[in-house]
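See below for the structure under consideration.
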Number of protein chains: 2
Amino acid sequence: MSQKTELRRKQIIKAAYQAVADKGYETVTLQDIANYADVSKGVPNYYFQNKEDVLAHLLEEITERIYQKEKTAVVNETSFQDMLQAYIEAVFINPRENKKFFKVYLDFLAQATRNERYREINALFYQNCSSISKMILVRGESEGHFHNRNHDDDGKTIRSMIDGYMIQWLMTGDDKKHETYKESCLKAITNYLTS
Amino acid sequence: MSQKTELRRKQIIKAAYQAVADKGYETVTLQDIANYADVSKGVPNYYFQNKEDVLAHLLEEITERIYQKEKTAVVNETSFQDMLQAYIEAVFINPRENKKFFKVYLDFLAQATRNERYREINALFYQNCSSISKMILVRGESEGHFHNRNHDDDGKTIRSMIDGYMIQWLMTGDDKKHETYKESCLKAITNYLTS
DNA sequence: GAAATTATTCTGACCGGTCAATTAATCTGA
DNA sequence: TCAGATTAATTGACCGGTCAGAATAATTTC
């Protein structure tokens, strides 16, 4: 694939991200995506097989990007508590980005219940998130905060708390509450792990 | 509203529930809903203002019904641990019903990010769920399992775990894993509360 | 037989995907 | 070097299909 093709695809996916955030997964049209990308309607179909193909690449792109961001934040810390806090800070980055990402992500989760391809992309995301949790847990054990924990279960629990708190924050529709939800989430995970 | 009208509306909402579970929030048409209810296409429009009105009543109905079921399960128990277990058993009732409810509920959550009315209905549901958690927490305190907890935060955390675990189970697409996700969820909440 | 209810038909709008036509970019060879 | 040829990228009109809601017709009920 040429460099230009790569750039065009990125441009279209970026436009699709904003378009889906604004209009929703099902409501968004190829025309919308084209408009957001400042190209004509035929372009998305030229660079992707069809609408679903555009959106599947969008899901891949945003989950991968989030994962990289979170991982980088965590590996740059040395202590268990700093790693955990860095993780949560990276997740709850700010109201604007969180709203955009989770609006779109929720749309994809809803679709994934009826779409195997989206489920697979999300499964990879879960796996990646789990690997981040594992790094933190290993560090926590080596620091003696706890022992013999089930890392798979803890990974699921941490993921649950993050998704759950983020969804509940999203449903408040209140940007100002973002900080308190972040703090509550961090406290809840800390309390769960270190008892 | 006459009794017959009430029945018809219930019939349409029930049909809409199955239709949305099968086809998804945006994909479902009034024709689908009419077909599932074995009535003609004009009927839903006669008993409701429009498509969104049908679906809003559907969300109200299913969240209220789930809440009543969960509350009943909890108040019939006497000890903290039995109440908590009864709650989780009522939530993770069985793969078929959970899949149906959470498919539809996820659809509505995704819609709610762009629809105030759905957010309000969901806010009431959260409030109801929180009241169930509170009953369990009060009992746990009176039994001496813990003290001076923040009931609001704990309510949010418990809701997070339930939604989070349920979503993760849903994404596995594996009915057989239902039981283990239920157990993990119960363990995680227990571990969180009683440390 | 009039009003209420249900069934059918109509309408205007919109969407995804196609494709012929146009334009831009790249290559070729003298 | 550069003009002509070839390939790639882009455009937007168009088509088949679908839908929500309105309008209308048929039927039932009282």
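Quick note on labels: first sequence line is chain A, next is B, and so on, each numbered from 1. Below, each value reflects all heavy atoms present in this structure, side chains not excepted, and no hydrogens, waters or symmetry copies.
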Exercise. A/Thr194: what forms a side-chain hydrogen bond (donor to acceptor under 3.5 Å, both in side chains) with it, not counting sequence neighbours?
Worked result: none
Exercise. Among C/dT8, D/dA9, D/dT11, which is the nearest nucleotide to the side chain of A/Ser40?
Worked result: D/dT11
For this session: Look up atom CD in A/Glu61 and atom OG1 in A/Thr63, then write down how far apart they are to the nearest 0.5 Å.
Result: 8.5 Å
Exercise. Is A/Asp22 paired with A/Lys100 through a side-chain N to carboxylate O contact shorter than 4.0 Å?
Worked result: no
Exercise. Of the options A/Tyr17, A/Phe125, A/Tyr118, which is the one that meets A/Phe108 in a ring pair (Phe, Tyr, Trp, His ring centres under 6.0 Å)?
Worked result: A/Tyr118
Exercise. For the residue pair B/His145 and B/Phe80, does the interplanar ring angle fall in the parallel (under 30°), tilted (30 to 60°) or perpendicular (over 60°) class?
Worked result: tilted
For this session: Would you mind reading off the distance between A/Asn35 atom CG and C/dG16 atom P, rounded to a whole angstrom?
Result: 12 Å
Pairs under 3.5 angstrom, nitrogen or oxygen only, protein versus nucleotides 21-23 of chain D, please.
unit_1, atom_1, unit_2, atom_2, d
D/dG21, OP2, B/Lys51, N, 3.3
D/dG21, O6, B/Lys41, NZ, 2.5

Exercise. Touch check for A/Phe48, heavy atoms < 4.0 angstrom, all strands: base, sugar-phosphate only, or nothing?
Worked result: nothing
Exercise. Taking CG from A/Leu55 and P from C/dG17, how many angstroms apart are they, rounded to a whole number?
Worked result: 10 Å
For this session: Remember a base hit wins even if backbone is also touched, and classify B/Val54 as base, sugar-phosphate or nothing at under 4.0 Å, heavy atoms.
Result: nothing
For this session: Quick one: do A/Trp169 and A/Cys185 satisfy side-chain contact (heavy atoms from CB on, under 4.5 Å)? Show the steps, please.
Result: CA-CA 11 Å; A/Trp169 168 71; A/Cys185 182; over 6 Å; no
Exercise. Counting only heavy atoms not in B/Lys51, do more than 12 sit closer than 6.0 Å to its NZ atom?
Worked result: yes
Exercise. Rounded to the nearest Å, what distance is computed from the CD atom of residue A/Gln31 to the C1' atom of nucleotide C/dT18?
Worked result: 15 Å
Exercise. How many Å lie between OH on A/Tyr25 and C1' on C/dG16, as a whole number?
Worked result: 13 Å
For this session: Rounded to the nearest angstrom, tell me the gap between atom OH in B/Tyr47 and atom P in C/dA4.
Result: 13 Å
Exercise. CD1 of A/Ile12 versus P of D/dA9: gap in Å, rounded?
Worked result: 11 Å
Exercise. Whole Å only: how far is the CD1 atom of A/Ile33 from the P atom of D/dT10?
Worked result: 16 Å
Exercise. Is B/Tyr46 near enough to C/dA7 that one of its side-chain N or O atoms lies under 4.0 angstrom from OP1 or OP2?
Worked result: no
Exercise. Could you give the CG-to-P distance, from A/Leu7 to D/dA8, as a whole number of Å?
Worked result: 18 Å
Problem set entry | B/Arg8 side chain near C/dT6 phosphate (N/O to OP1/OP2, under 4.0 Å) | yes
